[in-house]
J.: 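This is the structure, below, for whatever I ask next.
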Amino acid sequence: MITYNHAQYIEQAIESVLAQTANFSIELVIGEDASTDETATKIQQFKNATGIRIKARLNNTNLGMLANFTKTLSECDGTYIALLEGDDFWTQPLKLQQQVDFLESNPEFSMCYHPVQVLRNHKLESDTLTLDAPEISSIKDLAKGNFMHTCSVVFRAGLFVEFPASFFSSSVGDYFFHMLNARYGYIKRLSENMAVYRIHEGGVWSSQDNVDLKILNYLDAMIGCFDSEINQLLRDRYQKIAYKSFYNRIHEEGFEERLLKCMKHGSNNFSNEIKELLRWDKKSHHSYFIRLFKKMFY
């Protein structure tokens with residue numbers, strides 16, 4: 001469990017872990033990243049429960065989300081690891097038991113997950129944020145877009161040793177991490193809804209603007225970390241999002257940045273479309289694109 005400035009929510013998150021019932025021992029490893037609110041104080045109030053040990057690391061300085069995540073992960077000793085951020089919570093006391101039982105019986109799977117509900121403005125909603133996926137999927141499916149909420153995932157520990165250097169420059173860590181794990185087995189979707197993902201103003205992802213640019217950031221970080229087929233699937237996604245961002249926001253600030261992003265993992269199709277735009281621009285005497293291109297490249 002990683003957490004930062006989750007004082008309003010951390011108690012519910014921890015209590016949902018302590019409510020778990022299982023025929024194995026559970027260790028809750030918390031990475032508290034030097035919050036500026038009362039998150040650390042609230043964590044310290046909790047004690048071990050029957051069969052559940054709490055190991056909390058309270059950082060003296062803020063490491064940042066990805067460094068805090070990898071450090072917290074390195075302190076986990078279990079055969080299986082579940083993820084839960086400090087602003088989400090679990091709703092089914094047998095969640096971990098069910099997911100571990102599945103992985104124990106199915107060694108060809110690297111992880112499993114389940115549906116969640118979304119809590120927005122104090123109201124529970126059905127999840128419309130993630131993509132649909134088959135009951136059994138693979139890294140090829142996951143490369144086309146994330147379909148797992150972090151709070152729903154349980155995976156086998158130690159599937160790989162080192163994170164790629166580009167992981168630490170990514171705008172998100174969980175999806176990138178799931179992709180790295182998915183290299184080692186299939187992905188199973190269980191049917192029961194067993195957690196809640198919370199949307200709030202302080203959320204790392206759900207509250208951010210310019211989501212298209214942030215998606216391009218993490219796709220750019222991921223490209224090159226996988227085999228040729230998966231890298232191409234990621235490039236295809238990158239190109240599609242980059243083109244859409246470029247065309248839909250062509251008169252907004254940041255034109256040059258979006259154009260360069262298109263060109264970074266671009267294709268001949270995009271180059272041809274740019275040429276057509278320049279021809280149109282020249283014929284219509286607007287010279288909008290021509291001025292921008294001269295500014296950038298001459």
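Values in this document were obtained by computation on a predicted structure and should not be read as measured data.
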J.: Applying the 4.5 Å side-chain criterion to the ILVMFWY set and letting contacts propagate, would Val17 and Leu119 be lumped into a single cluster?
T.: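 The answer is no; the residues belong to distinct hydrophobic clusters.
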J.: Might you confirm whether atom CD of Glu38 has over 12 heavy atoms from other residues, nucleotides or ligands at distances under 6.0 Å?
T.: no
J.: Do Thr21 and Gln97 have side-chain heavy atoms sitting under 4.5 Å apart?
T.: no
J.: For residues Pro93 and Ala19, report the shortest heavy-atom separation together with the two atoms involved.
T.: CB-O, 3.4 Å
J.: What are the two closest heavy atoms between Gly173 and Leu66, and how far apart are they?
T.: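 Scanning both residues, the minimum pair turns out to be CA-CD2, 3.4 Å.
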J.: Around Glu108, counting heavy atoms of other residues, nucleotides and ligands shown, do more than 12 lie under 6.0 Å from its CD?
T.: yes
J.: So does Cys151 get a backbone contact from the side chain of Trp90, meaning a donor-acceptor N/O pair under 3.5 Å?
T.: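 Flag set: sc Trp90 to bb Cys151 pair under 3.5 Å.
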J.: Between Arg198 and Asp87, which heavy-atom pair has the shortest distance, and what is it?
T.: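 Heavy atoms of Arg198 and Asp87 come nearest at NE-O, 2.7 Å.
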J.: Is there a donor-acceptor pair under 3.5 Å between the side chain of Asp127 and the backbone N or O of Val116?
T.: no
J.: Asp33 and side-chain hydrogen bond (donor to acceptor under 3.5 Å, both in side chains): which single residue from Thr3, Thr39, Thr61, Asn62 fits?
T.: Asn62
J.: In Å, rounded to the nearest 0.5 Å, how long is the span from CG of Asn68 to CG of Leu73?
T.: 11.0 Å
J.: Check whether any side-chain N or O of Asn231 sits under 3.5 Å from a backbone N or O of Phe226 as a donor-acceptor pair, and report yes or no.
T.: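 Side chain of Asn231 to backbone of Phe226, a donor-acceptor pair under 3.5 Å: yes, one is there.
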J.: Using 0.5 Å steps for rounding, measure from the CZ atom of Phe89 to the CD atom of Gln117.
T.: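 These two atoms lie 8.5 Å from each other.
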J.: Passes ring pair (Phe, Tyr, Trp, His ring centres under 6.0 Å), Phe176 versus Phe163? Steps please.
T.: CA-CA 10 Å; Phe176 199 155; Phe163 283 88; 8.1 Å; no
J.: Between Glu32 and Arg57, is there a side-chain N and carboxylate O pair less than 4.0 Å apart?
T.: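 A salt bridge is absent here (no side-chain N lies under 4.0 Å from a carboxylate O).
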J.: What do the steps show when you test Arg237 against Leu233 for side-chain contact (heavy atoms from CB on, under 4.5 Å), and what is the final call?
T.: CA-CA 6 Å; Arg237 283 185 63 201; Leu233 289 172; over 6 Å; no
J.: For a quick test of reading the model, state the closest non-hydrogen atom pair linking Ile230 to Ala143 and the distance between them.
T.: CG2-CB, 4.1 Å
J.: Using only atom types and a distance under 3.5 Å, with no angle test, would you say the side chain of Gln99 pairs donor to acceptor with the backbone of Cys112?
T.: yes
J.: Drop me the distance from Gln239's CD to Leu216's CG, to the nearest 0.5 angstrom.
T.: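 Going from CD on Gln239 over to CG on Leu216, the span is 11.0 Å.
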J.: Please name all residues satisfying ring-ring contact (aromatic ring centres under 6.0 Å, His included) with Phe155, sequence neighbours left out, ordered by chain then number.
T.: Phe177
J.: Are a donor atom and an acceptor atom from the side chains of Glu192 and Gln92 found within less than 3.5 Å of each other?
T.: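 The answer is yes; a qualifying pair exists.
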J.: Is it true that Leu96 and Val196 fall in one hydrophobic cluster, defined by side-chain heavy atoms closer than 4.5 Å?
T.: no
J.: Just verifying a value: how many Å separate Gln12 CD and Asp88 CG, rounded to the nearest 0.5 Å?
T.: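 So the CD of Gln12 and the CG of Asp88 are separated by 10.0 Å.
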J.: Given side chains that start at C-beta, do those of Ile187 and Ile136 come closer than 4.5 Å, heavy atoms only?
T.: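 Ile187 does not reach Ile136 side chain to side chain.
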J.: Any non-hydrogen side-chain atom of Tyr197 less than 4.5 Å from a side-chain atom of Leu129?
T.: yes
J.: Where the side chain of Ser35 meets the backbone of Asp37, is there a donor-acceptor pair that is under 3.5 Å apart?
T.: no
J.: Determine yes or no for a side-chain-to-main-chain donor-acceptor pair under 3.5 angstrom, with Thr91 supplying the side chain and Met194 the backbone.
T.: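 Yes, Thr91 side chain to Met194 backbone: donor-acceptor pair under 3.5 Å.
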J.: Can you check side chain to side chain donor-acceptor pair (under 3.5 Å) on His114 and Asn193, steps first, answer last?
T.: CA-CA 6 Å; His114 55 76; Asn193 190 311; 5.5 Å; no
J.: Will you find, in the side chains of Asn5 and Thr36, an N or O donor that is under 3.5 Å from an N or O acceptor?
T.: yes
J.: Indicate if Val29 and Phe69 have the same hydrophobic cluster label, given that clusters are the connected sets of ILVMFWY residues with side-chain heavy-atom separations under 4.5 angstrom.
T.: no
J.: Which pair of non-hydrogen atoms, one from Leu180 and one from Pro164, has the smallest distance, and what is that distance?
T.: CD1-CD, 3.8 Å
J.: With distance as the sole test, does Glu27 use its side chain to make a donor-acceptor pair with the main-chain N or O of Cys76 at under 3.5 Å?
T.: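 A pair under 3.5 Å: no.
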J.: Ignoring hydrogens and angles, tell me if any N or O in the side chain of Ser152 forms a donor-acceptor pair with the backbone of His149 under 3.5 Å.
T.: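 Checked: pair present.
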J.: Near Asp227 CG, under 6.0 Å, is it more than 12 heavy atoms from other residues, nucleotides or ligands?
T.: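 Enclosed: over 12 neighbouring heavy atoms sit under 6.0 Å from CG of Asp227.
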J.: For the side chain of Arg156 and the backbone of Leu103, is there at least one donor-acceptor N/O pair under 3.5 Å apart?
T.: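 Yes; judged by distance alone, with no hydrogens or angles, the pair exists.
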J.: So Lys42 and His6, side chain to side chain donor-acceptor pair (under 3.5 Å) or not? Walk me through it.
T.: CA-CA 10 Å; Lys42 293 190 175 184; His6 289 154; over 6 Å; no
J.: Can you check side-chain contact (heavy atoms from CB on, under 4.5 Å) on Leu124 and Val118, steps first, answer last?
T.: CA-CA 6 Å; Leu124 286 173; Val118 174; over 6 Å; no
J.: Can you tell me how far OH of Tyr4 sits from CD of Glu85, rounded to the nearest 0.5 angstrom?
T.: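 Reported value, rounded in 0.5 Å steps: 14.5 Å.
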J.: Enter the distance from Met1:CE to Ile43:CD1 here, rounded to the nearest 0.5 Å.
T.: 8.0 Å
J.: Kindly indicate whether a cation-pi arrangement holds for Arg183 with Phe160, taking the cut-offs as under 6.0 Å to the six-membered ring centre and within 45° of the axis.
T.: yes
J.: For a 4.5 angstrom cut-off between non-hydrogen side-chain atoms, does Ile30 reach Ile54?
T.: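 Yes, close enough: below the 4.5 Å cut-off.
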J.: Assess the pair Phe147 and Tyr113: is the distance between their ring centroids shorter than 6.0 Å?
T.: yes
J.: Taking C-beta and beyond as the side chain, do Tyr238 and Asp220 meet within less than 4.5 Å on heavy atoms?
T.: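 With C-beta onward as the side chain, the pair touches.
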J.: side-chain contact (heavy atoms from CB on, under 4.5 Å) between Phe46 and Leu28: does it pass, once the steps are laid out?
T.: CA-CA 11 Å; Phe46 283 90; Leu28 171 57; over 6 Å; no
J.: Is Asp77 salt-bridged to Lys55, going by a charged N under 4.0 Å from an acidic O?
T.: yes
J.: Any non-hydrogen side-chain atom of Leu83 less than 4.5 Å from a side-chain atom of His178?
T.: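 They are in side-chain contact.
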J.: Between Glu125 and Arg120, is the closest basic N to carboxylate O distance under 4.0 Å?
T.: yes
J.: Report yes if some heavy atom in the side chain of Tyr184 is under 4.5 Å from a heavy atom in the side chain of Ile139; otherwise report no.
T.: no
J.: So, Asn106 side chain and Phe102 main chain: donor-acceptor pair closer than 3.5 Å or not?
T.: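 Here the side-chain-to-backbone pair exists.
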J.: Would you say the side chain of Ile10 lies within less than 4.5 Å of the side chain of Ile14, judging by non-hydrogen atoms?
T.: yes
J.: Under a single-linkage definition using a 4.5 Å side-chain heavy-atom cutoff for Ile, Leu, Val, Met, Phe, Trp and Tyr, are Ile215 and Phe167 assigned to the same hydrophobic cluster?
T.: yes
J.: If the plane angle is over 60° it's perpendicular, under 30° parallel, otherwise tilted; pick one for Tyr218 and Tyr175.
T.: perpendicular
J.: Of the non-hydrogen atoms in Ala221 and Ser166, which two are nearest, and what is the gap between them?
T.: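 Smallest heavy-atom distance, with atoms named: O-OG, 2.7 Å.
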J.: Set out, in order, the CA-CA distance, both residues' side-chain angles and the distance that settles side-chain contact (heavy atoms from CB on, under 4.5 Å) for Gln232 and Glu229, then state yes or no.
T.: CA-CA 5 Å; Gln232 188 57 54; Glu229 182 180 12; 5.9 Å; no
J.: Run the side chain to side chain donor-acceptor pair (under 3.5 Å) check on Asn146 and Thr130 step by step: do they pass?
T.: CA-CA 6 Å; Asn146 191 21; Thr130 52; over 6 Å; no
